[in-house]
Amino acid sequence: MHALPPSRRAVLAAALGCATPLALRAQPAPAASATSAAAGLPRLVTVSGAITEVVYALGAEAQLAGTDTTSLYPAAALKTPKVGYLRQLSAEGVLSLRPDAVIATTEAGPPVVLDQLRSAGVKVELVPSEYTWDDVRRKVQAVGHAARREDAARALQARLDAEWAQLGREVAQAAAGRAAPRVLFVLSHGPSAQVGGQGTAGDALIRFAGGVNALTGFTGYRPMTAEALASSAPDFILTTEQGIDALGGPQKFWQRPELALTPAYQRRALIALDALLLMGFGPRLPQAVRALHASLYP
Amino acid sequence: MSASSGPARPGAGQTAGAEGMAAPPPPPRSGRLLAPRGALALGLALVALAFVAGGASGAYPIAPAQLLGALAHAVSGTPPDTPQQLVFLNIRLPRLLLAAAAGAGLALAGALMQGLFRNPLADPGLVGISSGAALAAGLTIVLGPAWFPALPHALGSWTLMLTAFAGGLAVTGFIYRFAQGPAGTHVALMLLAGVAVNALAGAGLGYLNFMATDEQLRNIQFWLLGSLGGARWSAVALVTAVVALCCAAALAWARPLNAIALGEAQAALLGVHVERTKRAAVLITALAVGAITATTGIIGFVGLVAPHWVRLLTGPDHRVVLPCSALLGAALVLAADAVARTVVQPAELPLGVLTAAIGGPMFLWMLRHFRGRV
């Protein structure tokens, strides 16, 4: 195609651009019920990676009519129809999947669209996120209720609660009598790194795993100057695998000059976890905390 | 808004004459391709076509029979009896009307501004409405929860819309006052003050971005990209009424604007109330664009492109340019939104991305093919 003269290319591109919406519209409408296994059970649209994970953990994926763009795990969730980014839902788009219920975190929006969904008879369930263990419990309950799989939800809840309690004991045991390691959470690696203060998923995870946030005094994510980063003196740096991949690997990461001044630099103590595992606060939270804890207390 | 100034610059270069900022004198009548009546008919046909096409397309499959049934219910006032009709009446139809009203209002305001400033680069954002609204929206999103926690209780879901509208009017009012001099409103001063204030608002927004939490940041970003997704009947009715009034009012000022095209002094000699015309044009623009922007966020480029196309086809007479621009703007936004709703369904694209992506190349093509006449 690149060999074509520019004018013909433009015509082709224009034709393609015009044809795309038509081709999409020509797709058959989604079937009224997904599979026979889910016949009669409510169809769900989940708007949060963690909530989608709960659906799969409950074995209710046949009821899944669609998910949002943050639903990346398990891999099967990538193949579900995507209703877009969680804060920018389209009322007609969601309704075209014919869900009985939409389960989302309170971050979902815009509010007008949620109202429109409700007025069209769709149950809209919003789960608040406060980065506590209760987040996970609320998500499991909400999905269990909306999917009419309360028994499975109770069983999953009991299993997760036991795992969480066991993990809490292990962390307390390991941390007893030792100074908690200082951990810096780096969300993204621009010219000045975006780092996590109080009230972030990273902050909560560090606490659960027996560490302390190297940064205090602000909430949310902030770009941080190189000097402030150096003076926070972290023993470990926690970040996302996606961020490290975008940088081109851990070697590239440690090349930042300000890092050479930190205790973490001596041991190249970099902990990279999958972003959704790290920040999702779903059924894999114990797994995430265990992974971080194992790195902090080798 | 900011994207709109770049590609238009070659056109400005073409027109530079004795007075750097003035548009060329009106081309001879033979230069026009369409008679006024033909242009109006074509505009109406385009709007009708875009409206029907937009009404028939969408993520939710609705058969033509259901569309007609829904319209029958709407006309007779009875509640719709199928989910398809409900979706059409409560979600798609208000959105179509908002698209038409927004496109019409933005293009009308663009034509007014280009006429008032006698500058082909002028667009409704120039006198600060969009940037003022954006700054107010950013303030509401970022600082609202901490500084005015009672505001959402009093205004509910209207909070963002009302603060954005107020912000747009306040900034435009400031720029207008700033440009007052002994000889009345200094148009060039107003234009330059607009540039400065837009930069200031940009700085404010940048600072708000820095302060914002992750969630607020995304809210601001999406607001800046524009969307018709928030179309509810109450808001749509309000915006449509404001735009309709503004269109009617603008037509009354078409003749004075034609005179001003010859220069302010000449217009005054012809007996035109130059000051009143300026005030009316700024007020109409502020009201229309303020109401639209407050509801939809920033929809770029329509206000700049539509009047140019119309002038190219019909000549510079504002009695034709104003209504035809409104019609073309409505058709453009209707078409762009139909694409935004369908290309990535069941998700949707931000509308501002599409209007600029469609408008930019169209504008460049126009500049290239009508080099001598823009």
Side-chain angles (χ1 to χ4, degrees), chain A residues 10 13-14 17-18 20-25 27-30 45 65-69 81-99 105-107 109-117 119-122 129 187 194 196-197 199-201 219-223 279, chain B residues 53 56-63 83-84 86-92 94-95 152 156-157 159-161 209-219 221-223 225 227-232 234-235 295 297 335 338-350 354 357-358 361 365:
Chain A
C18 295
T20 312
L22 294 175
L24 279 168
R25 274 175 50 206
Q27 281 175 357
V45 167
T67 63
D68 74 324
T69 47
K82 291 291 177 190
V83 295
Y85 184 67
L86 64 104
R87 282 190 240 284
Q88 197 66 4
L89 301 173
S90 145
E92 224 190 292
V94 172
L95 286 176
S96 73
L97 303 171
R98 309 196 186 243
T105 60
T106 40
E107 293 163 338
V112 176
V113 168
L114 299 180
D115 285 341
Q116 286 173 331
L117 292 176
S119 72
V122 177
S129 26
L187 177 67
Q194 289 268 347
T200 61
T219 54
Y221 297 98
R222 288 276 181 283
M279 319 230 275
Chain B
S57 59
Y60 200 93
I62 304 178
Q84 285 90 343
L86 196 79
V87 166
F88 182 74
L89 286 182
N90 285 347
I91 296 174
R92 201 180 290 172
R95 189 166 176 155
S157 51
T159 311
L160 191 60
M161 209 179 139
N209 275 342
F210 164 75
M211 306 241 314
T213 66
D214 199 32
E215 180 182 349
Q216 294 165 340
L217 199 62
R218 299 298 300 224
N219 284 339
Q221 286 305 325
F222 278 117
W223 198 90
L225 287 173
S227 166
L228 299 170
R232 326 165 254 184
S234 47
T295 317
V339 176
R341 286 185 288 127
T342 46
V343 274
V344 291
Q345 65 178 348
E348 69 181 57
L349 277 181
L354 273 170
I358 297 171
W365 181 84

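Reminder, nothing fancy here: chain letters follow the sequence lines and each chain counts from 1.
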- Note on the structure: Turns out that what part of B/Q84 lies under 4.5 Å from chain A's heavy atoms comes down to side chain
- Where on B/A212 is there a heavy atom nearer than 4.5 Å to chain A: the side chain, the backbone, both, or neither? backbone
- Query: So which of B/R95, B/R92, B/Q345 actually passes side-chain hydrogen bond (donor to acceptor under 3.5 Å, both in side chains) with A/E92?
  - Reply: B/R92
- Task: Go through the atoms of A/V94 and report whether side chain, backbone, both or neither lie under 4.5 Å from a heavy atom of chain B.
- Result: backbone
How far apart are the closest heavy atoms of [X] and [Y], and which atoms are they?
{"X": "B/P346", "Y": "A/L97", "value": "CG-CD1, 3.9 Å"}
{"X": "A/A91", "Y": "B/I91", "value": "CB-CD1, 3.8 Å"}
{"X": "A/G93", "Y": "B/A59", "value": "CA-CB, 3.5 Å"}
{"X": "B/F210", "Y": "A/R222", "value": "O-NH1, 4.1 Å"}

- Item | Residue, of A/G66, A/S90, A/P110, that accumulates the most heavy atom pairs under 4.5 Å with chain B | A/S90
- Task: Would you indicate whether the side-chain heavy atoms of A/Q116 and B/N90 approach each other to under 4.5 Å?
- Result: no
